[in-house]
Amino acid sequence: MNRHVSPPRSWSHSSRICVAARSGLAPILIGLAFAVSPIVFAADVSSSTDDGATAAATETETTETSQTSDSTTAKDDHVAATDSLPKMLRSVEGISQYELDNGVQILLFPDESKEVVTVNMTVFVGSRHEGYGEAGMAHLLEHMLFKGTPTHPEVPKVLTQRGARFNGTTWMDRTNYYETLPASEDNLEFAVNLEADRLVNSFIRGEDLASEMTVVRNEFERGENSPTRVLMQRIESAAFDWHNYGKSTIGNRSDIERVPVVKLRNFYRKFYRPDNVMVIVAGKFDPDHALATIQNAFGPLPVPSKPIDETYTVEPAKDGERTVVLRRVGDIQCVGTAYHIPAGSHPDYAAAKALTVVLGDEPSGRLYKEMVETEIASSVYAMAFGFREPVLLMCMAEVPVDQSLEQARTKLLDILEDSWDKQPITDAEVERAKAQILKQREMASADTDKIAVTLSDWAAQGDWRLYFLYRDAVEALTADQVREVAKKYLVRNNRTVGLFIPSDESDRVSIPESPDLNILLKDYKGRAAVAAGESFDPDPMVIEKRVLRGDLVGGMTYALLPKRTRGDSVSLKLTVRFGTPDTLKDRMGAVEMLGLLMARGTTEMTYQELQDEYTRLKADVSVYTLMGLLQIEVKTKQENLDEVIALVGDVLKTPRLDDTELELIRRQIITSLQQSQSEPSVVAPRHVRRTLSPYTKDDIRYVMTIDEEITMYEEATIEQIRELHADYLGNQAGELSVVGNFEPADVLKAFQSELEGWTTDQPYVRIDRPAHPDTPGHFEALETPDKSNAFMYSSQQYALSDLDPEYAALTLGNFILGGGSLSSRLADRVRQQEGLSYGVRSGVSPRPKDNRVDLTIYAITNPANKDKLLKVIREEIDRLIAEGVTQEELDAAKQSYLQAARISRTGDPALASMLLMAMFTDRTLADVAKHEQQIQDATVEDVNAAIRKFINPDKLVTAIAGDFANLPKPE
């Protein structure tokens, strides 16, 4: 599984130029918003110290006795459940709520358009509920619930075997456990019974805590690698006097390391109970069967006789500004400020959320225009979070080291506090903010599995119907309301930036408490449910029979898959291929900035006007270029598709290519590269890629150092970019794929009209990247000072076609080694047994045109555990080669791999990418079916032979980056 922390849904910010795509790091980079995003269970790494492990292990003997004692007396301390049917409470816009006699809340959201079902159990406990010495306990307990029960002793394994996408997340007000599986009654029953079982029967053993504590501590350390993330956490901490919202959900090191398992069990028994959970089922299922299944699994669970005490801490009125200063090694400066705002259920919250768009949007946001465009800052962010109780609106600005941080601070505060009378918020700004919020909400609503998780966030704020009430509030917003919120809350005495500065008079700002939801939601009915899509079979051969293929125009081809989708959504991908290895090699800076610049307006529209059109048309559009490739990705609605295609045509043929915008892009890219120079997850993979790419500097395939890449971007000119667009782009080669609700004839006609006559005399020749299987094995430890986490990355290449049965056998071997997320040999040993890493994984990735396959292994760890991590990984690879895989392992891997592949084809954007790649490689989905049959047919002998033929630990190219020079000296 590949789950990572991502910016929360409430972020509004200027686009960050992601240069990680060039080095293949996009899937493994750590998100900026770690301080304020939900803490996710399965992601990437940890470590242990002897002291921490011993402290947890000493609890084992006494706490096991305690568990036995508790279980024998539990009957007298619980109220018995009944077998009556679930009680229907209400139904709003296609979502129905029920309640069991023991208090279990149920939400059902049927969606026939997806061949998947998602079960989400939300426990209404988060970091807000933690007491003294319990910081991080809610999150640590989330990890422990993956350690098993007597009925399900290996939770990750049984989930993986069913091909599930699964995870757990912890945030301020709630903890989630969810899994998405292929739709079937058996899978639904499995998931519901699993969640009911681990709600009350999880082991919570001392020996598991000893290993998992180090995993969680490593997750904590990963966040410590980012100065920006730590600064955000410091601001939150300084902003609150008493409330737990000022504490990071992941907790603090001492509580993570020293928490007694007895105390963890008590926390578990206090909050993990049927009258404190909501079970959400979304996707393709029969509601009556789902209710019966939930009743059978959760209905018999007894309710403890002692009720849960509600939290009651309220922050006092704010009577003075605050400042916090962080000093650490880094390559970029940052200034941020936070203001207290009401809870997500308060009427003012919608206006506060719109205010984050007015401030932080790119390119319309006031922070962007007055700080990024004026070169005071390289990136700006504005965010507001909807929680059950009053929280924060936060703004951040990243500042290059050669700019004045004090100037940025002064400008930031001027915009936020002093500009509202001089430049009142306009109707246009508010309407743009409303349109963007509602567009993102509507686009997300097409995925019922995501809605299942989203609804739990609103439920944790007090009631799931707030999901709809918030939408209504946004739609009704006026500029006067947003102005009033800005002037009420964005004031000096409600500000947290840094130092305390005495003032002459008091100016208290009181934040309203959460409203009475019984009054607020009395008789709320909502609207008609969104139109559902068709029942779609993700079998590759079934899909292939529905695909329409042909020649589009010039040298371009198309593959269309019309299907009824939820909300009439359409996913579209268009590639234009250009240039040759010789003609592009001296233009790479221009090539990589061309797409970014094309996205910033046309000759008829400014950047802002173009973004406003996308918002009006409810379209998400991205444009980027890599060597020899321009790609446009679109997600929109059927009703707007013709207009969106016309806009895409304008972006392709008549981009503005403005030199001022180029300088903004250049500064953002260079700032990001400078920041990555000491980031372990960038440094180690780049070193490995350079070793495996033995090309000279005059070859376009040469992998640059970060300094060389910065120079490349610095030297690119607007003239080069304009020449590249004018002379190299045309319809000579490329592909178009469209999936969703659309009329094929209309789409083809529209694109043919846009692309006809758009030609070039410059030839297109693909840049090949053959395998280098003879590269000698290599290891290097790389210093990245002041980083709490280290990153290990290892790779080797094979000359192998992905159509060869050996590739299928190797894929299964890798899946067993480290491709199975939490349930694999590496995960079992490195994470579960040794507690060395929050996340460890291996993967094989094919390059069909080059008959090449890459093996990669990566992990994060504490720098002190570097040698032990490398030793353990080597031992597991050696054991795999020497002993081979078992029939049981192979059977489980096949089922999990094929189920996961099936789930991947339920998403329209993924299908569009699959069709695009098939065209580029001259294949169809029949080749996908062939590969899956090869997976099914592979024997133990086939897999073991492939492992021994290809995987050679002595030839792995490995680098590990971290702060090794400053490790404590052994006693």
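- Side-chain N/O atoms of N296 and T293 include no donor and acceptor closer than 3.5 Å.
- Applying the salt bridge (charged side-chain N to carboxylate O under 4.0 Å, His left out) definition to pairs two or more places apart or across chains, those involving residues 745-755 are K653-E754.
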request  = In sequence, state the C-alpha distance, the side-chain angles, and the governing distance for D186 and R162, and then conclude on salt bridge (Lys or Arg N to Asp or Glu O under 4.0 Å).
outcome  = CA-CA 11 Å; D186 178 63; R162 288 180 178 257; 2.8 Å; yes

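- Nearest approach of A912 to S571, heavy atoms of both residues: CB-O, 4.3 Å.
- Counting only distance, with no hydrogens or angles, the side chain of N741 and the backbone of T565 share a donor-acceptor pair below 3.5 Å.
- The closest donor-acceptor contact from the side chain of R905 to the backbone of P538 lies under 3.5 Å.
- Ring geometry for F146 versus Y177: interplanar angle of 30 to 60°, hence tilted.
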task = Report the C-alpha distance between D908 and K635 in whole Å, list the side-chain angles of each, state the deciding distance to 0.1 Å, and finish with yes or no for salt bridge (Lys or Arg N to Asp or Glu O under 4.0 Å).
result = CA-CA 9 Å; D908 292 347; K635 188 173 182 182; over 6 Å; no

task = Evaluate the criterion side chain to side chain contact (heavy atoms under 4.5 Å, CB included) for residue pair S535 and K284; output intermediate values, then yes/no.
result = CA-CA 8 Å; S535 180; K284 188 172 184 178; 2.2 Å; yes

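- Contact between A938 and K894 at its shortest, heavy atoms only, is O-NZ, 2.6 Å.
- The shortest side-chain heavy-atom distance between I816 and I947 does not fall under the 4.5 Å cut-off.
- Between the side chain of D447 and the main chain of K450, no donor-acceptor pair closer than 3.5 Å is present.
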ask   = When you look at K637 and E442, which way does the salt bridge (Lys or Arg N to Asp or Glu O under 4.0 Å) test go after all the steps?
value = CA-CA 10 Å; K637 300 283 187 177; E442 186 169 346; 3.3 Å; yes

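- T575 and E735 share a donor-acceptor pair across their side chains, judged by distance under 3.5 Å alone.
- In this structure, the side chain of D927 engages the main chain of T924 through a donor-acceptor pair within 3.5 Å.
- The closest donor-acceptor contact from the side chain of N731 to the backbone of L755 lies under 3.5 Å.
- Under a cut-off of 6.0 angstrom, the local environment of CE in M443 is crowded, with over 12 non-hydrogen atoms contributed by other residues, nucleotides or ligands.
- Residues D551 and T557 are in side-chain contact: their nearest non-hydrogen atoms beyond the backbone lie under 4.5 Å apart.
- In this model, a donor atom of one side chain and an acceptor atom of the other lie less than 3.5 Å apart for D937 and Q933.
- For D854 and S845, the side-chain atoms include no donor-acceptor pair closer than 3.5 Å.
- Without hydrogens or angle criteria, D850 side chain to R769 main chain gives a donor-acceptor distance under 3.5 Å.
- Side-chain contact check for M541 versus L925: every heavy-atom pair is 4.5 Å or farther apart.
- Looking at Q934, its side chain does come within 3.5 Å of a backbone N or O of L803 through a donor-acceptor pair.
- In the displayed structure, E743 atom CD is contacted under 6.0 Å by at most 12 heavy atoms of other residues, nucleotides or ligands.
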request  = Run the numbers on L561 and F536 for side chain to side chain contact (heavy atoms under 4.5 Å, CB included), then give the verdict.
outcome  = CA-CA 12 Å; L561 177 57; F536 181 75; 4.1 Å; yes

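- Panel note: side chain E643, backbone N640; no donor-acceptor pair is recorded below 3.5 Å.
- Residues Q631 and L916 form a side-chain contact, since some pair of their non-hydrogen atoms from C-beta on lies under 4.5 Å apart.
- For Q161 and D891, the side-chain atoms include no donor-acceptor pair closer than 3.5 Å.
- Using modelled atom types, one side-chain atom of K849 and one backbone atom of F920 make a donor-acceptor pair closer than 3.5 Å.
- Here the side chain of R577 pairs no donor or acceptor atom with the backbone of Y764 at under 3.5 angstrom.
- A search for side-chain contact (heavy atoms from CB on, under 4.5 Å) contacts involving D650 returns T602, T654, not counting sequence neighbours.
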